[in-house]
Amino acid sequence: MTTTDTSRPALAGKVALVAGATRGAGRAIAVHLGAAGATVYATGRTTRERVSEMGRPTETIEETAELVDAAGGRGIAVPTDHLEAEQVRELIARVDRDHGRLDILVNDVWGGNPLLDFDTRMWDVELDRGLRMIDLGVRSHIITSSIALPLLVRRPGGLVVEVTDGTARTNQGFRENFYYDIAKNTPIRMAYLLGEELREAEGTAVAVTPGFLRSEEMLDHFGLTEENWRDGIGAQPHWALSESPAYLGRGLAALAADPERHRWNGQSLDSGQLAREYGVTDADGSRPDVWGYMLAERAVAEGTPGAIAPSLADYR
């Protein structure tokens with residue numbers, strides 16, 4: 001648990017909204033904000049009564065809220081489609097009625113993985129399929145921010161977190177799919193722009209990314225579990241540097257509790273960087289840094305003077 005002293009959790013009294021908290025990084029962020037004492041509204045489209053097009057009934061927002069409670073916070077599950085502005089307005093009105101404040105907004109809405117067509121030219125991707133990815137990864141974030149920020153800026157010091165894939169530096173290269181590239185780079189730009197606009201309210205906006213995330217969906221894709229995930233290293237070497245969702249959750253909770261977090265305003269940060277800065281580790285005690293490893297690989301491939309072939313062991 002992240003604390004400022006031995007008696008009071010660091011985020012006690014704070015109210016957080018994690019948009020897209022059904023599974024993966026969003027769920028872990030909600031849980032670790034709760035572990036630091038926050039009240040966490042966990043939203044998403046999959047509930048115990050209804051399953052989204054992701055087709056994963058085993059992960060629900062109700063379960064996320066229960067995990068927040070078990071971690072020591074207060075979890076509140078609210079079914080919300082963040083592409084439906086009226087649903088988001090009802091959500092924020094409820095937060096306002098219940099608490100009169102919003103201190104932390106985490107935009108983690110995605111759900112576009114089933115739409116990915118890697119190694120396919122933009123004009124060969126079905127247009128509706130590509131635009132749906134933009135809706136899920138960009139439009140949902142814009143709708144949520146537009147409606148939630150008036151409540152967040154009511155008090156000074158609010159925090160906005162844009163969860164994406166990759167940092168400004170790592171995403172300078174080609175992300176293999178036109179629509180995916182836009183969907184994952186736009187939140188980085190959003191964090192920068194919102195950081196500028198939040199200055200008057202003494203607020204902070206950042207973009208954060210996990211590394212090679214061992215989400216529930218990814219483990220299923222490889223036919224693995226959290227207990228035997230290392231069995232997949234032979235088929236995918238970078239998997240050796242994969243991380244559990246708890247890694248980003250711990251790092252982000254530490255950032256949220258940092259009274260000097262404004263120094264990160266407008267920046268894009270990765271889980272390995274947060275771990276080094278705040279002294280947190282993954283669930284197994286390691287500190288994987290897949291983005292650092294891939295940048296080192298890129299430097300060697302590009303013939304950068306002084307670049308040395310990286311060792312996987314040095315990045316875990």
Below 4.0 angstrom, N of the basic side chain to O of the carboxylate: do [X] and [Y] qualify?
X    : Y    : result
E196 : R199 : yes
D128 : R132 : no
D270 : R169 : no
D96  : R154 : yes

Pairing residues for R129 by the salt bridge (Lys or Arg N to Asp or Glu O under 4.0 Å) criterion, not counting sequence neighbours
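Partners of R129 under the salt bridge (Lys or Arg N to Asp or Glu O under 4.0 Å) test: D117.
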
Can you list the residues that meet the salt bridge (Lys or Arg N to Asp or Glu O under 4.0 Å) rule with E176, with sequence neighbours excluded?
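So E176 forms no salt bridge (Lys or Arg N to Asp or Glu O under 4.0 Å) with any residue.
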
ring-ring contact (aromatic ring centres under 6.0 Å, His included), paired with H238, selected from W291, F212, Y315, Y293:
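Exactly one pass, corresponding to Y293.
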
For a salt bridge (Lys or Arg N to Asp or Glu O under 4.0 Å) with R27, tell me which candidate from E66, E62, E217, E63 qualifies.
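Going through E66, E62, E217, E63 one by one, the salt bridge (Lys or Arg N to Asp or Glu O under 4.0 Å) with R27 is satisfied by E63 alone.
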
R214 side chain to S242 main-chain N or O, any donor-acceptor pair under 3.5 Å?
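Pair found, side chain donor or acceptor close to backbone of S242.
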
Any donor and acceptor pair, going by atom type alone, linking the side chain of T209 with main-chain N or O of G166 inside 3.5 Å?
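At least one qualifying donor-acceptor pair exists.
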
Residues [X] and [Y]: side-chain donor-acceptor under 3.5 angstrom:
X    : Y    : result
E216 : T58  : no
T46  : T60  : no
S286 : R316 : yes
T281 : R287 : no
D282 : S244 : yes
N185 : R189 : no
N107 : E162 : yes

Assert yes or no for the condition that the ring centre distance of F222 to W229 is strictly below 6.0 Å.
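Centroid distance F222-W229: not below 6.0 Å, so no.
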
is_close_aromatic(Y41, H99), centroid dist under 6.0 Å:
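When the ring centroids of Y41 and H99 are compared, they turn out to be within the sub-6.0 Å range.
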
Heavy atoms, side chains only, cut-off 4.5 Å: are [X] and [Y] in contact?
X    : Y    : value
N171 : I188 : yes
V88  : L83  : no
R94  : L91  : no

Suppose we screen for ring pair (Phe, Tyr, Trp, His ring centres under 6.0 Å). Which residues come up paired with W110, at least two apart in sequence or across chains?
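Checked W110 against ring pair (Phe, Tyr, Trp, His ring centres under 6.0 Å); matches are Y180.
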
Gap between atom CD of E277 and atom CG of L255 - 0.5 Å precision:
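With rounding to 0.5 Å, CG (L255) is 9.0 Å from CD (E277).
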
E200 atom CD, neighbour heavy-atom count above 12 within 6.0 Å
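No - once you tally the heavy atoms of other residues, nucleotides and ligands closer than 6.0 Å, there are 12 at most.
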
